[in-house]
Asker: 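There's a structure below that I have some questions on.
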Amino acid sequence: MRLSSTKPASAGFTLIEIMVVVVILGILATLIIPKIMSRPDEARHTKAVLDIQSIGQALDLYRLDNNNYPTTEQGLLALVVKPEAAPVPRRWRQEGYLAKPPIDPWGNPYVYLSPGLHGNYDLLSLGADGMPGGEGKGADITSWNLDRTP
């Protein structure tokens with residue numbers, strides 16, 4: 001029995017096939033990339049809302065343990081390290097209430113006031129512009145109005 005010595009057909013792609021795929025990918029990229037590029041702002045806003053809710057829960061635990069919220073002077077750092085300024089908490093958790101001082105998605109510290117103008121405390125991110133007020137991406141994200149979207 002004799003084996004055939006014919007050469008197998010080439011299994012590679014032709015230049016035309018590769019060019020068609022590149023053109024298709026280019027068309028898809030022009031349609032999809034603009035939609036994706038607006039998402040980082042939405043993601044930062046959502047992260048700030050979730051952070052404010054999480055910090056609010058830590059503040060509530062602090063109050064349950066110590067019968068009051070940290071003062072404005074003690075700030076949110078009181079959730080990370082035991083405050084030494086009055087009123088010194090008597091039953092502060094050894095592990096703290098947060099792992100590190102909270103920073104908003106734009107790299108700014110959250111603003112905390114206690115007592116607040118809108119409740120026991122006010123907690124807010126100043127948004128993308130880092131300034132009070134603002135609109136759109138620069139709008140404040142507040143603990144008393146978390147439903148507002150940019």
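What you see is a predicted model, and the numbers here were worked out from it, not measured in a lab.
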Asker: For the residue pair P101 and L77, what are the closest heavy atoms and their distance?
Answerer: CG-CD1, 3.9 Å

Asker: May I ask you to list the residues sharing a hydrophobic cluster with L126, side-chain cutoff 4.5 Å, ordered by chain and number?
Answerer: V111, L124, W144

Asker: Compare all side-chain heavy atoms of P102 with those of D51 and state whether any distance is below 4.5 angstrom.
Answerer: no

Asker: Enumerate, atom names and distances included, each donor-acceptor pair closer than 3.5 Å involving a side-chain atom of residues 18-25, sequence neighbours excluded.
Answerer:
none

Asker: Does any part of the side chain of L61, heavy atoms only, come nearer than 4.5 Å to the side chain of L79, both counted from C-beta?
Answerer: no

Asker: Quick one: does any side-chain atom of Q74 pair with a main-chain N or O of P87 as donor and acceptor, under 3.5 Å?
Answerer: yes

Asker: Could you tell me whether a side-chain N or O of D104 sits under 3.5 Å from a main-chain N or O of P109, the two making a donor and an acceptor?
Answerer: no

Asker: Where the side chain of W106 meets the backbone of R44, is there a donor-acceptor pair that is under 3.5 Å apart?
Answerer: no

Asker: Check whether any side-chain heavy atom of N67 sits under 4.5 Å from a side-chain heavy atom of R91, and report yes or no.
Answerer: yes

Asker: List the residues meeting side chain to side chain donor-acceptor pair (under 3.5 Å) with D65, not counting sequence neighbours, and say none if there are none.
Answerer: R93, Y97

Asker: If hydrophobic clusters are built by linking Ile, Leu, Val, Met, Phe, Trp and Tyr wherever their side-chain heavy atoms come under 4.5 Å apart, do V81 and L76 end up in the same one?
Answerer: yes

Asker: Evaluate the side-chain proximity of T142 to D122: yes if any heavy-atom separation is below 4.5 Å, no if none is.
Answerer: no

Asker: Just wondering, do N108 and S125 contact through their side chains at under 4.5 Å, heavy atoms?
Answerer: no

Asker: Is there a side-chain contact between P70 and S114 (heavy atoms, below 4.5 Å)?
Answerer: no

Asker: Do Y121 and D60 come within less than 4.5 Å of each other through their side chains, counting heavy atoms only?
Answerer: yes

